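One structure below.
For clarity, every value in this text was computed on a predicted model and none was experimentally measured. Just so we're on the same page: letters track the sequence lines, and every chain starts at 1.
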Amino acid sequence: MHPHYAAIYRAVRGVPRGRVATYGQIALLCGLPGRARQVGYALHALPAGSPVPWQRVLNVRGDISLGHESGQRQRRLLAAEGVEFDERGRVDLGRFQWKPRRMRSL
DNA sequence: GCCAGGGCGCTAA
DNA sequence: ATTAGCGCCCTGG
């Protein structure tokens, strides 16, 4: 497992229920600016049933970056915690994006 | 080791 | 709003 994965998982665990974060945002929060893609890898590597809420991480456009199968699963999980999707399958980041104080003060 | 392709994102046009 | 180009770096062949 890659050394940075632990930090990434820690950051993702900080995203509260009913809110979402972006890949780039998570990267920034764990001190890996510009490495959004690595966040995607870390989440992809998660075992089933881990405590990490991977479903709360979306791309910067507010939509789901996965294929149909996993995408449906992710969308269902988010909808179950109150996150709304528009008809184009997108989340309004202005309303649902998580904004930790540590980040607002950057 | 090289190469191509990813759960990405920023900037410029 | 969309597209193209580039940077990032991990994985699989």
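- With both ends at atom C1', the span from B:dG5 to C:dG7 equals 16 Å, rounded to whole Å.
- Side-chain atoms of A:R19 come within 3.5 Å of backbone atoms of A:Q97 as a donor-acceptor pair (strictly under, hydrogens ignored).
- For A:R35 and B:dC10, the CZ to P distance is 15 Å, given to the nearest whole Å.
- Rounded to whole angstrom, the span from the CG atom of A:L28 across to the P atom of C:dC8 amounts to 16 Å.
- In this structure, A:Q55 contributes its side chain and A:L77 its backbone to no donor-acceptor pair below 3.5 Å.
- Residue A:R37 contributes atom CZ, which lies 12 Å from atom C1' of C:dC6 at whole-angstrom precision.
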A:H44 and A:Y41: CA distance, side-chain angles, deciding distance, ring-ring contact (aromatic ring centres under 6.0 Å, His included) verdict: CA-CA 5 Å; A:H44 186 73; A:Y41 269 102; 7.2 Å; no
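- In this structure, C:dG7 forms a base pair with B:dC8, meeting either the Watson-Crick or the G-U wobble geometry with both donor-acceptor distances under 3.5 Å.
- In this structure, A:H2 atom NE2 and C:dC9 atom P are separated by 9 Å, rounded to whole Å.
- In this structure, A:L32 atom CG and C:dG7 atom P are separated by 20 Å, rounded to whole Å.
- When heavy atoms are screened at a 4.0 angstrom cut-off, A:T22 is found touching the sugar-phosphate backbone but no base atom.
- We find that CZ of A:R90 is positioned 6 Å from P of C:dA1, with the value rounded to whole Å.
- Along DNA chain C, the nucleotide closest to A:Y41 and the one closest to A:A36 are compared, and the more 5′ of them pairs with A:A36.
- You'll find that the side chain of A:V60 is closest to B:dC10, out of C:dT11, B:dC8, B:dC10.
- With rounding to whole Å, A:I26 atom CD1 is found 14 Å from B:dG9 atom C1'.
- Summarising the geometry, the separation between CD on A:Q38 and P on B:dG6 is reported as 18 Å, rounded to the nearest angstrom.
- At distances below 3.5 Å, at least one donor-acceptor pair connects side-chain atoms of A:Q25 with backbone N or O atoms of A:W98.
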